[in-house]
Amino acid sequence: MKLVSYGKPGAYRAGIWLDNGIADLEQGMRLANLEDPVSDLRLLLSQQNWRDKLERVAKAVDSMELLDPTSTRLGAPIPQPGNVLLAGANTYSHLREAEPLVGKINPPNRPMLIGRSTSSVCGPHDDIVLPPETKKLDYEVEIAAIIGKPCRRITEDQANNHIAGFCVANDLSARDIQIAEHEEVPLFKLTHYLGKSFDTFCPMGPALVTGDEIDWAQPLRMCTTVNDGVRQDSDTSDLIYSISILVSYASSIMTLNPGDVLLTGSPAGVANFMEPPQFLQDGDLVRCQIEQIGAIENRVRREII
């Protein structure tokens, strides 16, 4: 099943993306005579039997007026997640492409989890705002795993039961802020969080695709194009640590709650390691696509101050 958030920023409503259109979740829950109808996906995922409720809603929406996805504004599936974590250096190809600049790199001994601000999240077709503080805006296509059940210290085998589903994410970075080029002392250069936390630096969508919809028997292809030119083209076999391992490891550190988001790693082809580097510019069109999950497409617009 595909779940979306639609409408205007600050007033998003949750919906179910069916074959013939988008059904409003709250209205569908009322038609299905369900208790505690909600219009927010985080609130839905906080209900213990939310999967069963979705099945009942899907059967009850025949009488509803559905929205046309082509003319409906979509936000990120979870517009305001509690946490946005990401796995840095989590593909073999990404490590290899960095070696000409930094030398031989072995994979991290444990997942390298970092974070970004929740205010960096935006919708699958929103503009990416290019702030004046950076000259090195970079892209990274990633699978975003969305938590659907509270978890703390779960095993790898338990992880899939705690994941609600997946969406496409573009993990944007201001590389000159991320590695603090203005600082001379190496200790002061560790500013990943700031370099990833500008507004609009985490487009996600177009929908939360529940895990039962995805066939993991074969690796999922992951691609990024900029102005129709291919930049990244790999698949999930490139991941160093699997999604289940990442969720399990994160849960050993903190409680993960419904609606929390974990970005899982990006393949080679980022702008920073091209020769010469090809950072995003005002007007560029960036498309990130993942097989079976969907595609997001965002235009880069220079911030007007």
Donor-acceptor pair between Tyr12 and Asp40 side chains, under 3.5 angstrom: no

Salt bridge present between Glu181 and Lys189 (N-O < 4.0 angstrom): no

Check the side chains of Thr210 and Asp212 for a donor-acceptor pair under 3.5 angstrom, ignoring hydrogens and angles. yes

Donor + acceptor pair across side chains of Ser248, Gln158 (<3.5 Å): no

Got a salt bridge between Asp282 and Arg301, using NZ or NE/NH1/NH2 to carboxylate O under 4.0 Å? no

Could you report the tightest heavy-atom contact between Ser119 and Asp199, atom names first, then the distance? O-OD1, 3.7 Å

Under 3.5 Å, is there a donor on one side chain and an acceptor on the other for Gln27 and Arg30? no

Do you know which two heavy atoms are closest between Ile154 and Ser251, and how far apart they sit? N-OG, 3.1 Å

Nearest heavy-atom pair of Pro124 and Gly205: which atoms, and what distance? CB-CA, 4.1 Å

Does any non-hydrogen side-chain atom of Asp126 lie less than 4.5 Å from one of Thr200? no

Hey, are Ser173 and Asp138 close enough side-chain-wise for a donor-acceptor pair under 3.5 Å? no

Hey, are Glu297 and Arg287 close enough for a salt bridge, meaning a charged N less than 4.0 Å from a carboxylate O? yes

Test side chain to side chain donor-acceptor pair (under 3.5 Å) applied to Asn227 - qualifying residues, sequence neighbours left out: Asp284

Side chain to side chain donor-acceptor pair (under 3.5 Å) involving Asn160 - partner list, sequence neighbours excluded: Ser244

On a heavy-atom basis, which atom in Lys2 and which in Ala207 lie closest, and how many Å separate them? CB-CB, 4.0 Å

Which residues end up grouped with Tyr139 if you chain together Ile, Leu, Val, Met, Phe, Trp and Tyr wherever their side-chain heavy atoms are less than 4.5 Å apart? Ile128, Leu130, Leu137, Leu172, Ile177, Tyr193, Leu194, Phe198, Phe201, Val226, Met274, Leu280, Val286, Val300

